[in-house]
Each structure stands twice: as structure tokens, then as C-alpha cells.
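Step one of this worksheet: look at the structure below.
Each chain gets a letter, A, B and so on, in the order its sequence line appears, and its residues count up from 1. All values reported here derive from a predicted model rather than from experimental measurement.
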Amino acid sequence: MNGTIFEVKRFAVHDGEGLRTTLFLKGCPLRCPWCQNPEGIDPAPALWYNPTVCLGCGGCAAACPNRALTLGGRIHVDRKTCTRCGTCVDRCPAGALSLCGREVSPRAAADLLLRDRAFFGTDGGVTLSGGEVLLQWEFAAEVLALCREEGVHTAIETSMQGPRAALETLLPVTDQFLVDIKLLDAEEHRRLLGVDNRLILDNYRFLCENGANVLTRTPLIPGYTDSENNIRSIARFIRLVNPEARYELLNFNPLCRSKYSALEQDYPVTGGALSPQELERFYTILAQEGIAHIIKE
Amino acid sequence: MEMELIRSITNLSCPERIRVLKEDMVSEPRYATIEQARIVTRSYQASEGKPRCIQRALALKAALEEIEIRIDPEERIVGNRTAGVRGGVVFPETGASWVDREFETLPTRPQDKFQVRQEDIDEFRRDILPYWKGRSLEDQVRQAVGPQVDAIGKVVKINQKDHSQGHICPNTKKWLALGPHGIWEQAQEHLKTVVDEKQRNFYKSVALSMEGACHFIRRYADLARSMYEETGKENLKEVAEVCAKLAKEPPETYHEAVQASWFLYVILQMEGNASSFSPGRMDQYLYPYYENSRKAGMTLADALELTECLWLKFNQLVYLRNSNSARYFAGFPIGFNVALGGQTEDGQDASNDLSYLFLQAQAHLLLPQPNLSLRMYKDSPQELLELASRVIGLGSGMPQVFNDEAVVPALESHGVSHADAMNYAIVGCVELTTHGNALAWSDAAMFNLLKALELTLHHGVDQLTGEKTGPDLGGLDTYATFEELEAAFAKQIDYFSDRMVECVTAVEGMHEQLLPTPFLSAVIDDCMSLGKDVTQGGAHYNFAGVQAIQVANVADSLAAIKQLVYDEKRIPAGKLLHALKTDFADDAVIRTMLLNKAPKYGNDIAWVDDLGAKWVNYFADRLKQYRNGRGGIYQMGLYTVSAHVPMGQNVAASADGRRSKDPLADGGVSAMYGRDTNGPTALLQSVAKLPFVKASNGTLLNMKFLPQFFQTDMGIHKFVNLLRAVCRLGISHIQFNVLNETDLRAAQKEPEKYRGLTVRVAGYTAYFTELAPDLQEEIIARKTYESA
């Protein structure tokens with residue numbers, strides 16, 4: 001089964017052990033306001049336009065078979081008529097137009113991931129991320145199986161918002177699960193992310209009970225997840241499920257604000273990364289709650 | 001290595017004495033000096049009629065006996081070739097005319113400035129210049145092959161026309177074992193039996209220069225003794241004792257061996273005034289002396305202090321080049337290249353305490369010299385690579401990393417024995433050499449392949465001058481296929497290669513005639529056994545090196561032409577020629593297409609990288625057909641140091657979208673700046689496709705990293721993983737520029753040159769240049785992100 005991807009990140013140094021290549025799958029069921037990869041939310045490919053490199057030559061508008069593009073200072077895309085055929089992308093001399101998202105076969109995806117095998121060594125490998133991997137779990141499982149056949153370490157980054165069948169299928173082909181638990185309060189979860197977290201927590205239990213290698217992570221988002229109460233509750237929960245749990249707090253990274261401006265959207269998170277002192281306060285909480293393995297960079 | 005010992009070494013702080021000496025050194029102004037020129041000229045005038053090697057030896061001996069010497073009261077390792085530090089030595093034997101032309105501009109020229117004294121300028125013009133007019137290497141070369149050198153000048157830069165050939169790694173081990181007195185005795189032994197006049201003169205010249213060396217060392221002993229008597233400073237007493245001993249016998253302790261090594265390099269520079277005499281594998285040949293002293297009670301702290309004294313010394317000699325040469329080799333690199341780690345001849349790990357001490361010394365000083373080089377191989381100790389990575393992260397660009405897995409086979413395939421290949425060292429910046437037995441003439445010439453391509457596209461006509469400088473083999477308008485274009489390119493390369501070799505041979509002949517170097521020859525095998533100077537071919541290995549420049553621009557230009565003109569026919573040949581002739585003045589769309597619609601070298605796209613590899617291969621194979629003036633072979637290098645800027649100024653607009661006179665890709669095998677947009681692994685995979693086995697003269701790859709990468713243990717661990725991958729990929733050299741604030745400011749101003757600079761965080765990646773200004777500021781402030 002083919003999948004839709006939107007980016008390949010080579011020399012990934014933060015998506016699991018060692019040096020890795022990360023493949024980003026398109027589409028996500030959650031609507032986290034702080035999303036780092038907003039271009040990955042919509043499952044369908046999208047036409048991207050970068051006005052800063054556009055020459056204004058008009059070649060794209062002339063080439064478009066559906067007349068979806070008009071020129072007027074900058075290019076305007078009629079999203080309703082655009083079929084994402086890519087004719088304009090090919091025509092554009094400057095690379096101002098690009099398709100975000102493309103369909104690939106599992107073999108092609110695995111080949112992309114395995115190009116940097118020479119760098120993986122003994123501890124590196126491949127990681128699937130998103131978007132949400134579980135939304136395309138059949139594709140993901142095929143890709144990981146192909147990488148496994150080549151003896152390469154496999155990991156996925158997931159919110160676990162997906163069907164149980166997805167995890168059952170992925171379990172035998174995934175060496176490590178990097179799982180996010182963002183908010184423990186179900187109502188808060190529903191209010192901010194669009195769905196409650198019942199499925200997520202159930203899936204988490206399932207993974208831990210079935211011997212998966214799990215690294216639990218919580219992104220510290222100012223004003224959203226970085227309350228003492230939230231972190232303490234998550235720590236309690238994961239310790240209850242697995243006394244040997246490995247837990248990592250991911251500091252906030254505001255860089256994605258640039259992506260929102262490219263999409264002409266506002267980014268709701270204000271403020272920057274947490275200071276070392278603030279981080280230390282959270283580490284103290286984790287220690288108090290008996291987290292055995294606190295992962296720090 | 002025991003972890004505990006490594007920890008003891010890395011816990012050592014920078015000694016107070018070193019701080020003081022460093023401050024003294026960097027605060028002293030840098031002057032051009034004519035003292036040696038004065039002595040040498042007088043000596044030559046007095047020795048007219050004698051064989052050249054004897055004249056040279058007498059001139060060196062006179063300089064060693066007379067030149068003003070100085071000791072800083074805090075010094076433990078002493079010796080310099082000028083009284084002041086970092087003096088620019090005027091050396092009329094090789095070049096006087098250019099000094100005459102440029103003397104007044106030395107303090108104001110854009111690169112490598114020196115202060116001057118008016119009385120020196122006057123004396124130079126009155127007493128020194130007249131003698132050397134028509135006699136210096138520079139003038140003789142000009143008389144012999146000036147027009148030929150000029151005729152090919154835009155394509156080929158012929159080097160060593162006004163200074164001695166350096167890039168030599170002497171046999172320091174032998175020097176330490178025998179000392180100058182022992183070598184003098186060897187020369188005397190030969191003189192008892194040898195009858196050939198030329199050989200006798202050679203041995204006599206060696207003996208004379210060793211007499212000078214002993215005298216020079218004794219002068220330091222005497223000066224230190226008298227300063228000690230005045231001040232009572234213990235270090236001066238120690239210096240006096242060490243030097244007094246070295247003037248008559250070989251060293252035994254670490255202190256003595258370090259001091260003896262330094263005297264060797266000072267005297268080599270006094271004789272040769274050349275770019276780079278390299279110590280090579282110091283952690284190997286100094287180790288027995290270190291071990292002796294450790295057993296006798298020397299502490300690690302003391303060993304480090306002595307090492308750092310030597311490290312400072314490496315920064316006190318600089319090299320005065322003419323202004324044009326200074327643009328090609330900016331920052332007066334003098335190339336005291338020290339190699340550490342690697343393997344022994346029989347494939348065992350060679351690292352020892354000194355390897356770690358050397359890295360620690362670099363971490364403390366972060367000075368441009370020595371040019372510290374780590375030899376890496378597939379089983380390099382993890383702890384050595386980790387410490388090296390930490391030092392790299394400090395941002396001095398060192399150590400640079402060489403890969404035994406690529407270098408050893410390259411040397412072996414060029415006729416070097418397995419034992420010598422395993423014992424390789426580095427000279428100058430990145431040039432490869434065997435240890436103590438080669439004159440590799442590493443910088444014979446630089447060959448601008450992109451300029452040759454320009455002539456190929458435009459009927460042999462130089463697009464900057466309108467002159468026809470190459471054969472008219474057709475043009476882009478007449479080649480019916482890409483293959484026809486390639487065939488013409490090959491012929492254009494052949495044409496200039498033939499002429500280049502004629503010029504290099506002539507220059508080498510001039511060196512043999514004018515610049516025999518007896519002192520150097522005494523420490524290069526097999527000169528002493530053959531009774532032959534290095535310039536006559538007395539070394540065991542006699543190479544000549546030519547750099548092929550620049551693979552990225554050639555690959556990108558050919559790829560754009562192949563895809564857009566021939567395969568897809570999106571740009572008509574006539575239109576492209578017009579755009580190139582006019583530097584894209586009215587062809588913005590064509591330039592944009594060249595930049596964006598054809599793939600670029602450095603992104604792991606096989607067919608583009610293969611084009612680069614193909615022409616590098618072609619050039620290397622062409623070089624194989626020639627022999628140099630000393631009977632050895634030519635070998636290819638892939639590096640430019642800073643020459644990508646002036647060499648770019650020689651080339652009109654190119655089909656890779658590069659504007660007329662813009663710099664070429666930097667380094668040697670790097671991608672064109674800003675065009676490797678698939679990240680470091682893709683770049684490395686592209687680079688790995690080049691035929692490193694044929695680039696035995698040396699290669700250079702620059703990579704940029706943000707400092708945050710090195711700030712955590714995990715970052716260091718992953719960086720070592722990257723080094724090990726470079727090793728597996730068979731890339732022979734890599735060096736890392738850890739970007740500082742200035743670099744990032746430059747990236748803000750000229751984003752097109754830094755497009756590949758990525759910022760890495762979990763689950764997300766971004767290009768630095770595409771971030772909003774406030775986010776760039778956060779990264780510049782180094783607040784948050786571990787990045788690469």
C-alpha cells in the first residue's frame with residue numbers, strides 16, 4: 001500500500017539513538033495548537049508557494065492546465081481548481097512553487113530511508129514521524145519491515161492516536177517507539193487537541209504490556225503542557241504502567257513559527273524555550289514521582 | 001589508553017607561563033626584516049666562484065652565526081630565525097624583485113600585512129637588491145619561461161617561482177638520534193672515501209651547514225646562561241643546560257627532544273624560507289623521550305607545559321609571500337603540520353599519551369599553528385575520537401581529520417611501499433607525504449578545470465579578455481551532442497597539461513641549479529647515502545603535485561548543460577552562450593533555471609556526482625603520462641586552500657549559474673556554497689564518489705557546524721559516529737568549521753551562500769537562512785538548540 005510523505009530528514013540527531021534518517025508521513029488526527037509541522041496535518045498534498053524567490057515571470061500561470069494560477073504582484077492559487085498536478089512546479093525556473101507531499105511505494109520509501117546506511121553504524125537507523133504514523137499504519141509497517149530486512153534499526157515517533165490493529169502490526173517491526181504523552185487530563189486534551197486521550201493512554205498500556213521498547217516524551221509547550229500538575233500527573237501515570245519507564249522532557253522549540261508565517265497563519269504559542277532552571281524544576285518533579293530513567297541530552 | 005590517564009590529561013589547565021608567553025607573542029607587532037638578506041648577500045659576494053651548494057651552505061652558516069637572537073625570560077623552548085616574533089623574512093635568493101615592487105605596500109595590502117622600517121627599505125634597495133637583480137630564482141625563472149608561464153596563466157598557476165619548495169616532512173627521528181654533530185660526522189665519513197666532485201661538494205656543504213647548526217644552538221646556550229646569571233630564573237638555567245648539551249650531543253629527555261626538534265624546523269626555515277616544513281608524527285618519534293622523562297619523574301603537567309611552549313613556537317615563524325601569492329594562501333600559513341594517532345607500520349593502534357597531550361594543548365591555545373591533524377582508521381580508539389571531537393567543537397578548525405583507510409591505498413597505488421604508506425604524515429595544509437624521505441613538490445601547479453571548460457564552450461576564447469588563449473575545438477553552438485562537448489573538453493585539458501609540465505620542469509631545473517639545500521638534504525633519506533641534494537632527486541620519493549580545480553563547479557556546469565541544453569532542450573545553446581558572455585545581464589530567468597532546474601553536486605545525486613568524478617579521473621590519468629624533473633611521477637590533489645577566490649576571478653560566468661569572477665567552491669571537494677541542500681550526509685555520499693585513490697597529493701573537504709552540536713555528551717557521541725561514517729565512506733580528509741557569531745551574521749547577510757546550513761531539533765528541521773530574524777538571533781545567541 002502506497003503512502004503520502006512530506007519530508008525526508010537525513011542526519012537526524014534527535015529522533016532516536018545514533019544518526020538516523022527520518023521520514024515524515026502526511027496527515028494527523030490531532031490538532032495540537034503548537035504543532036511543529038503544520039504542513040503535515042492535512043493528509044493530501046498541497047501546493048506551496050515561496051514569494052521571496054519568485055521572479056514573477058508568469059510561466060506557471062501560462063502552463064497551468066486548469067488555470068488555477070493568477071499573477072498579480074505575487075502568484076495566487078485557486079485551491080479549488082488546483083489539482084496538484086505539478087505542471088507549474090516543473091515550469092517554475094526559481095523553485096518558488098513546490099508540492100508538499102507526494103505518494104510513494106513502501107519500496108521507494110525504504111530506499112529513501114536506507115540511502116544513509118553508511119552513517120547508521122550500530123546504534124543509528126530509520127525513524128518514521130509525521131503527521132501521525134498510525135494514520136498510514138499499513139504503509140508504515142511495510143516500510144519498516146523492508147528496513148528490518150536490511151538489518152537496520154527502526155523507530156517511530158507517534159502520538160498513539162490510532163487503532164489497536166495499527167500497533168499490533170507495527171510492534172514486531174519496530175525496535176523503538178518514541179511516544180508523546182502531551183496532556184493527562186482527558187477534558188483538557190479534548191479541549192485543546194480536538195480528541196480526548198483515552199485511546200492514547202490505552203495504546204500506551206498496550207505497548208508497555210507487550211514488551212515494546214518505549215521512550216516516553218512530553219513536549220514542554222509554554223502555556224499548554226508546562227504546568228507542574230500536568231507533568232506530575234503524566235509521571236505518575238507512566239510510572240504506574242511501567243516502573244522502569246524511560247522519560248524525556250522535550251524543551252520547546254519556537255523555530256516552527258517561520259512555517260506558520262509561510263502559511264500565513266498565526267502561531268498561538270508565545271515565549272521561548274524553558275531555561276535550564278525551569279527544566280531542573282521539572283526534573284525534580286520526575287525524581288519525586290520515582291521516574292527511574294530520566295533522559296537528558 | 002587507561003581512562004584515568006586520559007582524565008588526568010584533560011583535567012590539566014593551561015599553565016600560567018603559557019598565558020604570559022602567548023600574550024607577549026600576540027601583542028608584539030610583526031615586521032618585515034632584512035637582517036638575513038644582509039648576511040646572505042655579503043656571504044654570496046665573498047664566495048663568488050664556489051659551487052652553488054657550498055655558497056648556500058656558507059650563507060646559511062653565516063646567518064646561523066650572526067643573526068640576532070633573543071630569548072623571552074619566561075621561555076623554556078627557545079629559538080627563532082628573527083629577533084622579533086612573527087617576522088617576515090626577506091629572502092633575496094628566491095625573490096628580490098617582488099620585494100622591491102611591494103615593500104612599501106606590505107603594511108597596507110589586504111592580506112598578510114607586515115610593518116616595515118624605512119631604513120630597511122633604503123638599505124635593501126642600496127645594498128641588497130642590486131646584487132640579486134637577474135640572479136634570484138624569481139628573475140631567472142622569468143628569463144627562462146616567463147612568456148610560457150604567462151600564456152597559460154589563466155588556466156594553470158605555476159608555483160614555486162619565487163620561493164623555495166617546502167611541504168616537506170624531514171626525518172626528525174634521525175635528527176634526534178644523531179644531532180647536528182652526529183650528521184657532521186657522517187658527512188666526514190663519506191668524505192674519506194667519496195671521489196666524485198659533485199658528491200664531495202654535497203658532503204662538504206652538509207658538513208658546513210651542520211657546523212652552523214651547532215654554533216647556532218651554542219649561542220642560545222650562552223645567551224640563556226648570561227640571562228640566568230642576571231635574573232636567577234630557573235627556566236633559563238634549564239634552557240642553558242639543554243642547549244649546551246644539544247650543541248654537541250643528541251637529546252635524551254622530553255625537554256631536550258622537543259627543543260632539538262624545534263631547532264631543526266627553525267634552521268630548515270632559515271635555509272629554505274619555504275611554505276611548510278612539517279614535524280609529521282610527533283607523538284611517535286617523541287614518545288621514547290617522553291617515556292624516559294616520565295620514568296625519571298616528569299609530571300604530566302610538565303610534559304604539557306613543554307608541549308605548549310613548542311605549540312607557541314610554531315606560531316612565531318610566519319612566511320612572507322608576495323601579495324598575489326598571499327591571496328592564494330591567505331593567513332600566512334606556514335604549515336607546521338603535526339599528525340597524531342593512526343596506526344603503526346604493522347597496523348597496530350599508534351596513539352599514546354602524547355596524542356592526548358597534543359589535543360589538550362590545542363584545546364588550551366586554539367592558535368593557528370601547529371596545523372594539527374588526526375589520523376583516523378577503522379579501529380581508532382573511541383576515547384581519542386571523542387577528545388578530538390571536543391577540541392574540534394572549540395572552533396579552531398583543528399584537528400583536521402585524515403582517513404588511513406583512504407590515504408594508505410592512495411599512496412600505495414602511487415608507488416609508495418606499504419611501510420612508508422602506513423607511516424604517512426601531512427605537510428602544509430592537507431598534502432600527503434611519506435615520513436622523512438620524500439620531496440613531493442606538492443604545489444607544482446593549480447589547474448583550473450572550470451577555465452578550461454570556459455575555453456571549450458567559447459572556441460578557445462577567454463571571455464574576460466576576448467583573447468584566444470586555447471585551441472579552437474568548437475563551441476557550445478557547434479557541438480551536436482554532449483559527448484562532442486566532452487571530447488573537446490578533454491583535448492583542451494590535454495593542451496594545457498602539456499604546457500604546464502614544460503613550465504614545471506623548467507622551474508624545478510632552476511631550483512636544482514640555484515637552490516640546493518644541504519641542511520634539508522641531510523634529513524631526507526636517501527640524500528646522504530646517494531651524496532645527492534634533494535633538488536637533484538636525492539630523496540627516496542620524488543613526486544610533483546598538481547591540484548585539479550574545482551570539481552563542484554565543473555560537475556554543476558556540465559550537469560546544467562547536459563540536462564537543460566542537450567537532454568531537455570529547455571535552453572537553446574545560443575541563448576546560454578549569450579547569457580554567459582554577458583554575465584546574465586539580461587538573462588535572469590536563464591540564470592535562475594541554471595541554478596534551480598539542474599541538480600547540483602553535493603546532494604547525493606549519482607549522475608551529477610559521477611560527472612565530477614569522471615573529470616577528476618580524466619585529469620589524474622592525464623598526469624600519469626608525465627615525469628617530473630627529478631624522475632618521479634605527478635600526482636593529483638583536490639584542494640585550493642584560499643585559491644578558490646583568485647581562481648574564480650579568472651573565470652567568466654559559468655553554466656552552473658555562477659557569476660563572472662565570483663569565487664569557485666571552497667576547499668577542494670566541497671559543494672558550491674549554498675547548493676548542498678540535502679544535509680551533511682548527502683554531501684558526504686557525493687564526495688565519497690570521487691576517486692580518492694587517485695588524489696594522493698591530498699584533498700580538502702570543509703564542513704560547517706554550529707557550536708551547539710558539541711555541547712552535550714550525546715552530541716559528541718553522534719559526531720564521532722559521523723567521523724566513523726566518513727572513515728567507512730573512504731573520504732581521505734575532512735575539516736570542520738564550527739561557526740561563530742561572525743559567520744552567522746554573514747549567513748544573515750548573504751543567505752544564498754549558506755542555504756545548506758540546517759538547524760536540527762527533534763522531529764523537525766529548518767534551514768537557518770529561512771528562519772525569521774528573531775529566531776536567527778536566538779540561534780546566534782546560542783541559547784537553546786543543539787544544531788548542525
Side-chain angles (χ1 to χ4, degrees), chain A residues 7-22 24 36-37 50 52-53 55 57 59 90-96 115-124 127 129-130 157 178 180 217 219 248 250-259 261-262 272-275 295-297, chain B residues 570-571 588-597 604 677-685 688 709 711-715 717-722 724-730 751-752 758-768 770-776 778-779 783-788:
Chain A
E7 195 175 349
V8 185
K9 178 168 72 165
R10 298 165 74 161
F11 196 57
V13 290
H14 295 274
D15 301 325
E17 298 288 307
L19 302 181
R20 312 188 73 84
T21 299
T22 304
F24 292 85
Q36 303 253 308
N37 299 319
N50 180 356
T52 58
V53 296
L55 297 174
C57 68
D90 178 59
R91 180 59 193 269
C92 175
R115 276 202 86 93
D116 277 347
R117 270 197 77 167
F119 293 84
F120 296 161
T122 48
D123 55 357
T127 302
S129 183
E157 290 178 330
L178 306 164
D180 271 12
R217 310 199 291 190
E248 181 177 14
L250 294 172
N251 202 345
F252 177 59
N253 149 39
L255 298 184
C256 61
R257 257 192 280 147
S258 284
K259 287 186 183 174
S261 48
L274 277 70
S275 70
I295 308 299
K296 295 182 197 175
E297 287 243 307
Chain B
R570 289 171 83 150
I571 303 178
V589 173
I590 286 190
R591 176 162 186 259
T592 311
M593 284 179 76
L594 293 172
L595 286 171
N596 294 293
K597 288 300 184 188
D604 194 13
T677 53
N678 284 351
T681 57
L683 173 66
L684 291 169
Q685 303 252 33
F709 199 92
Q711 283 166 1
T712 61
D713 288 345
M714 192 190 283
H717 181 75
K718 294 195 179 190
F719 190 79
V720 172
N721 283 352
L722 180 75
R724 293 215 188 265
V726 168
C727 188
R728 279 194 290 277
L729 287 170
E752 67 283 358
T758 51
V759 175
R760 281 160 205 286
V761 282
Y764 174 80
T765 183
Y767 289 102
F768 177 81
E770 291 175 9
L771 294 173
D774 59 326
L775 296 171
Q776 292 181 340
E778 285 203 42
I779 287 176
K783 276 184 196 151
T784 333
Y785 313 104
E786 185 184 308
S787 324

Need one label for [X]: side chain, backbone, both or neither, based on atoms under 4.5 Å from any heavy atom in chain A.
X       : result
R570(B) : side chain
R724(B) : neither
L722(B) : both

Could you look at L19(A) and say if it's the side chain, the backbone, both or neither that has a heavy atom under 4.5 Å from chain B?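 When you check distances to chain B, atoms from both the backbone and side chain of L19(A) fall under 4.5 Å.
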
What part of D123(A) is in contact with chain B, defined as an atom under 4.5 angstrom from a non-hydrogen atom: side chain, backbone, both or neither? side chain

Got a second to check how far D604(B)'s CG is from D116(A)'s CG, nearest 0.5 Å? 7.0 Å

Any chance you could measure K718(B), atom NZ, to H14(A), atom NE2, to the nearest 0.5 Å? 7.0 Å

Most chain B-contacting option - heavy-atom pairs closer than 4.5 Å, from G59(A), G16(A), A118(A):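 Counting heavy-atom pairs under 4.5 Å, the top option is A118(A).
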
Using a cut-off of under 4.5 Å for heavy-atom pairs, which of D90(A), T52(A), T21(A), L55(A) has the most such pairs with chain B?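 The option with the most such pairs is D90(A).
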
What's the shortest heavy-atom distance between R10(A) and N678(B), and which atoms? CD-O, 4.0 Å

For the student: nearest non-hydrogen atoms of R115(A) and Q685(B), plus distance: O-NE2, 2.5 Å

Can you find a pair of side-chain heavy atoms, one from F119(A) and one from N721(B), that are under 4.5 Å apart? no

Between T681(B), V726(B), T592(B), who has the most heavy-atom pairs with chain A when the cutoff is under 4.5 Å?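 Among the listed options, the one with the most contacts to chain A is T681(B).
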
Could you tell me whether the side chain of K597(B) and the main chain of G95(A) form a donor-acceptor pair under 3.5 Å? no

